[in-house]
Amino acid sequence: MYGMSSSEVEIEPCRGEFIAQLAELWKEYIVDQGDDPLHQYFDLKASMEGFRRILEGYMKKEPGGFLVATAGDEVVGFAVSFRDAFSPNYVTKGRIGQIQIVHTKRGFRRRGIATKLVNAALGYLEENGCSIILAETGEKNTGSLRMLEKLDFYERGKLVTLIKKV
Ligand SMILES: CC(C)(COP(=O)(O)OP(=O)(O)OC[C@H]1O[C@@H](n2cnc3c(N)ncnc32)[C@H](O)[C@@H]1OP(=O)(O)O)[C@@H](O)C(=O)NCCC(=O)NCCS
């Protein structure tokens, strides 16, 4: 696939046959978001079956929001989005959607695939009535931040997550 450009990549809703490849990408995603002191406590190999279940859960919950980037038979990225970022207990003025995850496979980055996935997710969310879209990423995840800022996302605030060993 050397020399492939994002124009050869197709974005389509997730199908069951992609789940095995996506579980591998999920493992990559956990690691590649950036250094995290929690990583050492995860057994990624033993979690593979669980990752497949997570992905099947997303497919069931909101199939149209689960988008996959393919180059031929290879899955080279995915995005998960939801048309409702908040439960129906919240009454909002305008629908608030969310792009939960964007991931491009190692070896396929910097070719516009994540941009294409996010644009497709935005299209899906807009078609479904969203007027505000949320996304979150680690403060040190410069690649992801730049990619989203280029698409006119701007900082809402910083969430600090803490950890304590007992
Ligand atoms: C972040 C990530 C999704 C970007 O995917 P990608 O397909 O490489 O992104 P794109 O090619 O669409 O990049 C678009 C722009 O974002 C910026 N960008 C992307 N990756 C970057 C990096 N590592 N460093 C700096 N800028 C970066 C660039 O401005 C880029 O445009 P350019 O290549 O013309 O300079 C990918 O690196 C990834 O999967 N990382 C691991 C998972 C993750 O962190 N996901 C986000 C949190 S949910």
ask   = Would you say Glu136 has more than 12 foreign heavy atoms packed within less than 6.0 Å of its CD?
value = no
ask   = What do you reckon, is CG of Leu44 surrounded by more than 12 foreign heavy atoms closer than 6.0 Å?
value = yes
Residues Glu24 and Tyr29: side-chain donor-acceptor under 3.5 angstrom = no
Compare every heavy atom of [Y] with every heavy atom of [X], then report the nearest pair and how far apart it is.
{"X": "Met59", "Y": "Gly16", "answer": "CE-N, 3.6 Å"}
{"X": "Ile19", "Y": "Cys14", "answer": "CD1-SG, 4.3 Å"}
{"X": "Ala71", "Y": "Val9", "answer": "CB-CG2, 4.5 Å"}
{"X": "Leu134", "Y": "Phe153", "answer": "C-CE2, 4.5 Å"}
{"X": "Leu67", "Y": "Ala121", "answer": "CD1-N, 3.6 Å"}
{"X": "Ile113", "Y": "Ala69", "answer": "CG2-CB, 3.8 Å"}

task = Evaluate the side-chain contact (heavy atoms from CB on, under 4.5 Å) criterion for residues Arg106 and Val31: first the C-alpha distance (whole Å), next the side-chain angles of each, then the deciding distance (0.1 Å), finally the verdict.
result = CA-CA 11 Å; Arg106 291 176 194 156; Val31 176; 4.0 Å; yes
request  = Look only at the side chain of Gln21 and the backbone of Asp73, and say whether a donor-acceptor pair between them is shorter than 3.5 Å.
outcome  = yes
Would a single hydrophobic cluster contain both [Y] and [X], if residues Ile, Leu, Val, Met, Phe, Trp and Tyr are joined by side-chain heavy-atom contacts under 4.5 Å?
{"X": "Leu25", "Y": "Phe51", "answer": "yes"}
{"X": "Ile11", "Y": "Val75", "answer": "no"}
{"X": "Ile133", "Y": "Val118", "answer": "yes"}
{"X": "Phe78", "Y": "Phe108", "answer": "no"}

Ionic contact status for Asp32 with Arg109, cut-off 4.0 Å = yes
[atom2] on [Y] to [atom1] on [X], rounded to 0.5 Å:
{"X": "Asp35", "Y": "Asn141", "atom1": "CG", "atom2": "CG", "value": "11.0 Å"}
{"X": "Thr137", "Y": "Leu145", "atom1": "OG1", "atom2": "CG", "value": "5.5 Å"}
{"X": "Asp36", "Y": "Ile163", "atom1": "CG", "atom2": "CD1", "value": "7.0 Å"}
{"X": "Leu159", "Y": "Glu139", "atom1": "CG", "atom2": "CD", "value": "10.5 Å"}
{"X": "Glu149", "Y": "Tyr154", "atom1": "CD", "atom2": "OH", "value": "12.5 Å"}
{"X": "Asn119", "Y": "Glu126", "atom1": "CG", "atom2": "CD", "value": "9.5 Å"}

Less than 4.5 Å apart, side chain to side chain, heavy atoms only: is that true for [X] and [Y]?
{"X": "Arg15", "Y": "Phe66", "value": "no"}
{"X": "Glu56", "Y": "Ile54", "value": "no"}
{"X": "Lys150", "Y": "Thr115", "value": "no"}

task = Report yes or no: is the cationic atom of Lys61 (NZ for Lys, CZ for Arg) closer than 6.0 Å to the six-membered ring centre of Phe82, at no more than 45° off its axis?
result = yes
Sequence neighbours left out, cut at 3.5 Å: what donor-acceptor pairs do the side chains of residues 95-105 make with other protein atoms?
| from | atom 1 | to | atom 2 | distance (Å) |
| --- | --- | --- | --- | --- |
| Arg95 | NE | Asp84 | OD1 | 3.1 |
| Arg95 | NH1 | Asn128 | O | 3.1 |
| Arg95 | NH2 | Asp84 | OD2 | 3.2 |
| Gln98 | NE2 | Gln100 | OE1 | 3.3 |
| His103 | NE2 | Glu28 | OE1 | 2.9 |
| Lys105 | NZ | Glu74 | OE2 | 2.8 |

request  = Begin from the C-alpha positions of Glu49 and Arg53 and carry the test salt bridge (charged side-chain N to carboxylate O under 4.0 Å, His left out) through to its verdict.
outcome  = CA-CA 7 Å; Glu49 182 54 41; Arg53 278 197 295 272; 3.8 Å; yes
query = Given the rule in the side-chain contact (heavy atoms from CB on, under 4.5 Å) test, do Leu22 and Val68 qualify, once you have shown the distances and angles that lead to the verdict?
reply = CA-CA 9 Å; Leu22 284 166; Val68 168; 4.0 Å; yes
request  = Given side-chain contact (heavy atoms from CB on, under 4.5 Å), test Met48 with Trp26 step by step and report yes or no.
outcome  = CA-CA 9 Å; Met48 289 305 283; Trp26 190 270; over 6 Å; no
task = With side-chain contact (heavy atoms from CB on, under 4.5 Å) as the test, would you mind laying out the steps for Tyr124 and Ser81 before giving the verdict?
result = CA-CA 9 Å; Tyr124 163 78; Ser81 55; 3.8 Å; yes
